[in-house]
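Data block below; observations after.
Just the heavy atoms: all of them, side chains too, but no hydrogens, waters or symmetry mates, feed the values below. Note that the structure is predicted; figures quoted are calculated from it, not measured. Numbering of residues begins at 1 and proceeds along the displayed sequence. In listed order, ligands and their atoms are each counted from 1.
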Amino acid sequence: MKLVVLKFGGTSVADVPQIKKIALKIKAEVKKDNKVIAVVSAMSGVTNNLIDQVKKTSENFSYSEYDTVVSSGEQVTSALLAIALEELSIKARSWLGWQVPIFTDDIYGKAVIKNIETENISKSLENGFVAIVSGFQGVSNNNRITTLGRGGSDTSAVALAAAFSADRCDIFTDVDGVYTTDPRIVKDAKKLDYVTYEEMLELASQGAKVLQTRSVALAMKYSINLRVLSSFEDLPGTFIIKEGHSMEKFEISGIAHSLNEAKITISGVPDRPGQAAEVFGALADSSINVDMIVQSSPINHESTDITFTIQETDLLEAEEIIKSIQRNIGFRKFTSETNVVKISVIGNAMRTQSGMAKTMFETLAKNQINIHVISTSEIKISVLISSDYYELAMRSLHTAFGLDK
Ligand code: ASP
Ligand code: MG
């Protein structure tokens, strides 16, 4: 007898007819003699709506109340799905985060799972019930409801799969898998049959939205048998696997883009130790996440320029911080820009194959696309370019790396 975790996203539980279809899918698993833990999102649009209502009520709300409001969408879908299963004569019950319980820290709005108690659900599964768990939510030490950040139901599912040592964790969504790039932008984008955890981690964190980044990190840590597949079509989807399994023949696996980037350049920074520490220390103190960083080489040991990128939503705060340290550091000026996009090419093969950077930069040059900032990791090259050219960049890179086929 196998234990499977099946996660259904917002579009898969968008209305009652959809929920009834999902119930049939779960019934099929039960008939195969599998124990099933199903994890559900809120109906699509519901979470956004709840967040709007909180924001309309106050500009200065407490995040513990915010979590109590925004977690409610998942409460509805979990119980509706349990009812739909009972309608099919399948024993099922809904579980809210605190009923499992799924313990988290108390960073409301983006809580981290600390521990999942398996006893209650295990008993229920033994008694032949399907467990339908509300995704996205947990409970803090202070006995308050928490949520795991947007897209957090993926993380709920993977964490449950880890806690219960599930045989597999299937993430059902509205696309049939992970693509080489965004098919809305590049019409020749291809579905990948396999992608490694590390590639998926880079794809997710560089802007591909199919899985919450944290869920991929967790899946990698616990070697979860993870798959992304369509809840509307009966197709195998994309398996997320360890390195070393049979891989695609492509040089790279995917091209991701991230639109909400902002670039800041600080010019005329005195060339002496401690300046970068002061800039990035001040940003870190305000929990502003810095992504790409370049510092120019100083001419005659006089001054340097430091350029870096952050999330666009942090820009106003970052500008205030930089103004506040200008006098202390004594830099000449700073400028910021928001019409920039980060494009990343990602692939395990980069570890061993040379010439990836060459292909990337030559392709951009051929298309007259200027590069503002470059950063790399073992399996990724990212460039920051003007937002006017990002679609052209994605299409031409997709072709240049042989992904169009
Ligand atoms: N409903 C939550 C959201 O929209 C969690 C999820 O769907 O994963 O972010
Ligand atoms: Mg999602």
Donor-acceptor contact below 3.5 Å, side chain Asn34 vs main chain Leu3: no

Using a 4.0 Å heavy-atom cut-off, say whether Gln212 meets ligand 1 through its side chain, its backbone, both or neither. neither

Establish, yes or no, whether the cationic atom of Lys191 lies under 6.0 Å from the six-membered ring centre of Tyr179 and within 45° of the ring axis. no

The residue among Leu96, Thr146, Thr68 that forms side chain to side chain contact (heavy atoms under 4.5 Å, CB included) with Gln137 is Leu96

Nearest heavy atom to atom 6 (C) of ligand 1: which of Gly10, Ser153, Gly73 does it belong to? Ser153

Hey, which atoms in ligand 1 end up nearer than 4.0 Å to a heavy atom of Ser41? 6 (C), 7 (O), 8 (O)

Check this for me - ligand 1, Gly151, N or O atoms closer than 3.5 angstrom, yes or no? yes

Ring geometry between Phe280 and Phe308 (parallel below 30°, tilted from 30 to 60°, perpendicular above 60°): perpendicular

Asp154 N/O under 3.5 Å from ligand 1 N/O: no

Subset of ligand 1 atoms that lie under 4.0 Å from at least one heavy atom of Arg150: 3 (C), 4 (O), 9 (O)

Would you say the side-chain atoms of Asp271 and Thr304 include a donor-acceptor pair closer than 3.5 Å? no

